[in-house]
Amino acid sequence: MRSTEAPRIAVLGSLNMDLVVRVPHAPAAGETLQGHSIHSIPGGKGGNQAVSCARQGAQVSLLGCVGADAHGEALRQALQQDGIDTTAVQIDPAAPTGTALVMVEDSGQNRIVVIAGANARVEIDDAALAARLDRAAFLVAQFESPLVQVARAMNAAVRAGCKVLLNPSPVQAVDAALWPLIDTLVVNEVEARTLAGQPAEEPRDAAAAGAVLRARGVARVVVTLGAGGAVAIDADGARHHPAPRVQAVDTTAAGDTFLGALAVTLACGGSLDEAVRLGIRAAALCITQPGAQPSIPLRDAVLRSPLPPDWTPL
Ligand code: RIB
């Protein structure tokens with residue numbers, strides 16, 4: 001990284017209390033099975049990405065919405081413990097805090113159902129947004145917030161000279177007018193396939209799908225491939241970054257952890273390849289621990305972790 005000053009990052013996104021059930025395997029239709037455990041753990045893509053940015057050393061502010069309930073209070077407190085500015089997190093008494101039902105198999109793979117609750121009621125306050133975009137290197141957003149609010153924030157960010165890092169997850173169609181506003185697009189293989197309309201599971205396919213998305217006006221695209229690493233696509237071409245082999249305990253928030261490390265590296269002037277490599281190291285640590293936010297590593301731990309194998313041009 002080039003700069004030593006903590007970069008500012010504004011995150012617009014969801015806050016969920018994850019109800020995490022550990023099971024030997026996901027039950028088939030009609031099957032009843034004994035689970036191992038159930039826990040309530042802070043999550044939500046917006047909250048997780050904010051935590052990842054903060055644990056990588058950024059000054060983070062979060063725009064979102066929770067209900068006036070115990071889950072909302074617990075989520076806000078957890079974020080504050082990471083030094084995240086939550087003064088733009090709205091409290092809506094008319095809706096419950098967002099909830100995610102997370103089923104984690106012994107293999108570490110998960111299945112998630114999200115009930116948006118208060119996340120669906122977030123309303124951008126223009127003055128609050130402008131204050132958080134001031135001197136911010138990035139606006140980070142996902143699609144667990146209403147698309148009209150995401151679009152509004154993206155337009156405001158570009159007007160303020162702040163770059164947009166979009167993670168369109170859960171995947172939905174992206175309005176044609178939004179593509180040129182995106183500096184960095186981070187998608188997994190499923191999202192890349194859906195948005196580009198072509199396969200993206202293998203590195204060469206991911207590079208081709210990423211090129212299709214770049215042609216819509218995005219400066220840089222990263223396609224994450226889980227255990228297969230990630231593919232970085234920019235004006236210099238496409239590179240495949242392999243991931244280290246790791247015994248997965250729980251893959252929840254691996255993508256969010258990756259994104260935070262990527263965002264902070266880019267915000268500090270690092271190259272896309274440096275950012276992807278740090279993101280891969282952070283995600284590799286994340287999946288060795290259970291839960292969403294508790295599993296997101298601190299910067300020191302990421303820097304002490306083994307270097308991933310070298311990237312190869314595609
Ligand atoms: O990306 C992982 C997150 O997705 C979980 O924490 C869950 O809340 C859902 O939003």
Side-chain angles (χ1 to χ4, degrees), residues 11-22 26 38-55 62-67 69 71-72 74-76 78-79 82 84 89 95-105 108-122 140-147 149-150 165-172 185-192 222-226 230 248-263 279-280 282-297:
V11 179
L12 166 63
S14 57
L15 295 165
N16 297 329
M17 185 57 81
D18 291 353
L19 305 183
V20 184
V21 182
R22 294 212 65 116
I38 182 164
H39 291 103
S40 299
I41 301 177
K45 293 188 192 304
N48 297 345
Q49 293 178 13
V51 167
S52 181
C53 290
R55 290 187 189 165
L62 180 61
L63 298 105
C65 188
V66 293
D69 50 30
H71 280 174
L75 291 174
R76 288 192 308 128
L79 295 164
D82 271 296
I84 295 167
V89 173
T97 296
T99 309
L101 304 179
V102 183
M103 189 178 295
V104 184
E105 301 179 65
Q109 293 302 318
N110 63 33
R111 287 169 171 73
I112 303 179
V113 178
V114 174
I115 308 297
N119 292 306
R121 296 169 65 88
V122 67
V140 170
Q142 327 76 35
F143 279 0
E144 281 185 350
S145 303
L147 294 201
Q149 303 298 331
V150 173
L165 195 166
L166 184 68
N167 171 220
S169 180
V171 67
Q172 299 177 57
L185 181 78
V186 178
V187 282
N188 66 20
E189 63 271 52
V190 176
E191 294 151 1
V222 177
V223 182
T224 60
L225 302 174
V249 169
D250 181 355
T251 56
T252 309
D256 302 325
T257 299
F258 173 92
L259 187 142
L262 178 102
I280 285 173
L285 288 175
C286 166
I287 67 174
T288 65
Q289 302 296 323
Q293 288 172 24
S295 71
I296 297 172

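Since the model is a prediction, treat every value here as computed from it, not as a measurement. We number each residue from 1, following the sequence as shown. Ligands are counted one by one from 1 in listed order, and the atoms in each one are counted from 1 as well.
- No donor-acceptor distance shorter than 3.5 angstrom exists from the side chain of Thr252 to the backbone of Ala292, with no hydrogens or angles considered.
- Distances shorter than 4.0 angstrom do not occur between any heavy atom of Ser14 and any atom of ligand 1.
- Between the side chain of Asp82 and the backbone N or O of Ile84 there is no donor-acceptor pair closer than 3.5 Å.
- The nearest heavy-atom contact from the protein to atom 2 (C) of ligand 1 is Asp256 OD2, 3.4 Å.
- In this structure, Arg121 contributes its side chain and Ala95 its backbone to no donor-acceptor pair below 3.5 Å.
- Residue contacts with ligand 1, taken as heavy atom pairs separated by less than 4.0 Å, do not involve Val102 at all.
- With contacts defined as side-chain heavy-atom distances shorter than 4.5 Å, the pair Gln293/Asp18 does not qualify.
- Atoms of ligand 1 lying under 4.0 Å from at least one heavy atom of Ala100, given by number and element, are 7 (C), 8 (O).
- With hydrogens and angles ignored, the 3.5 Å screen pairs a side-chain donor or acceptor of Asn119 with a backbone N or O of Leu15.
- Distances below 4.0 Å separate heavy atoms of Ala292 from the following atoms of ligand 1: 6 (O).
- Between the side chain of Asn16 and the backbone N or O of Gly43 there is no donor-acceptor pair closer than 3.5 Å.
- Contact check for Met103 versus Val113: no side-chain heavy atoms found under the 4.5 Å cut-off.
- The protein heavy atom nearest to atom 7 (C) of ligand 1 is Asp18 OD1, 3.3 Å.
- Near Gly43, the atoms of ligand 1 lying under 4.0 angstrom from a non-hydrogen atom of the residue are 6 (O), 8 (O).
- The protein heavy-atom contact nearest to atom 3 (C) of ligand 1 is Asn48 ND2, 3.6 Å.
- At least one N or O atom of Gly44 sits closer than 3.5 Å to an N or O atom of ligand 1.
- In this structure the side chain of Asn110 never reaches within 4.5 angstrom of the side chain of Val20, judged on heavy atoms.
- The protein heavy-atom contact nearest to atom 10 (O) of ligand 1 is Glu144 OE2, 2.8 Å.
- The nearest protein atom to atom 4 (O) of ligand 1, hydrogens excluded, is given as Lys45 NZ, 3.2 Å; this is a heavy-atom distance.
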